[in-house]
Amino acid sequence: MSSEKASSSENIVSQKYDRCLADLLVKAGVGFSVGVVASVIIFRRRTWPIALSTGFGMGAAYADCDRSFNPARVSGTRIISQTDESK
C-alpha cells in the first residue's frame, strides 16, 4: 500500500472550491484596496475605481478557478488518456 491516503473525488472537489473561495477573497480584497487608494489619490474620491478594480480581482479569481476545474481550457495543455500512456 502507498503511504498517501487515497482521496475521494468529493474531497478533491471541496478542496478546489475552498481554494477558489480563498483566492476570490484575496484578489477581490487586493482589488478593493487598490481601488480605494486610487480613488483617494488620483480620482478625487470617485467610486468607480473601487468597483472597477474589485471587478478585475474577482475576474482574475474566476479565471483561475475555471482553470483549476477545467484544465483543458488552458492553451498548450494536452489531456492524455491512460491508454495513450502505456504506449
Side-chain angles (χ1 to χ4, degrees):
M1 293 186 82
S2 66
S3 61
E4 293 182 16
K5 188 172 83 171
S7 296
S8 69
S9 61
E10 188 174 293
N11 288 341
I12 293 170
V13 170
S14 69
Q15 287 175 352
K16 285 184 181 184
Y17 273 120
D18 289 344
R19 232 177 288 128
C20 286
L21 182 62
D23 193 35
L24 174 76
L25 291 174
V26 168
K27 289 186 179 177
V30 168
F32 180 80
S33 302
V34 168
V36 167
V37 169
S39 175
V40 170
I41 294 175
I42 300 171
F43 297 107
R44 293 181 283 171
R45 298 184 187 218
R46 309 267 181 184
T47 57
W48 65 266
I50 299 169
L52 183 68
S53 60
T54 303
F56 282 159
M58 291 173 71
Y62 176 80
D64 290 345
C65 189
D66 187 40
R67 272 185 241 122
S68 74
F69 277 104
N70 192 1
R73 289 190 186 189
V74 177
S75 61
T77 304
R78 189 174 67 158
I79 307 298
I80 301 173
S81 66
Q82 289 185 353
T83 57
D84 291 343
E85 288 180 1
S86 62
K87 290 182 181 179

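In this chain, numbering begins with 1 at the start of the sequence shown. For clarity, every value in this text was computed on a predicted model and none was experimentally measured. Every heavy atom of this structure was used, including side-chain atoms; hydrogens, water molecules and symmetry mates were not.
Cluster membership check: I42 shares its hydrophobic cluster with V37, using side-chain heavy-atom separations under 4.5 Å among Ile, Leu, Val, Met, Phe, Trp and Tyr. Taking hydrophobic clusters as Ile, Leu, Val, Met, Phe, Trp and Tyr residues chained together by side-chain heavy-atom distances below 4.5 Å, I50 does not share a cluster with I41. Under the 4.5 Å side-chain heavy-atom criterion for ILVMFWY residues, a single connected hydrophobic cluster contains both F43 and F56.
Contact detail for S53 and G31: the closest heavy-atom pair is OG-O, 2.5 Å. The heavy-atom pair separating M58 from A28 by the smallest distance is CG-CB, 3.7 Å.
Note on D23 versus K27: salt bridge recorded, some NZ/NE/NH1/NH2 to OD/OE distance being below 4.0 Å.
In this structure, CD1 on I12 lies 5.5 Å from OG on S7, to the nearest 0.5 angstrom. Going from atom OH of Y62 over to atom CG of D64 covers 12.0 Å, rounded to the nearest 0.5 Å.
Judged as a ring-ring contact (aromatic ring centres under 6.0 Å, His included), and not counting sequence neighbours, the contacts of F69 are Y17.
Identified under the disulfide (SG to SG under 2.5 Å) test for residues 27-83, with sequence neighbours left out: C20-C65.
Under a 3.5 Å cut-off, the side chain of S39 and the backbone N or O of T47 do not form any donor-acceptor pair.
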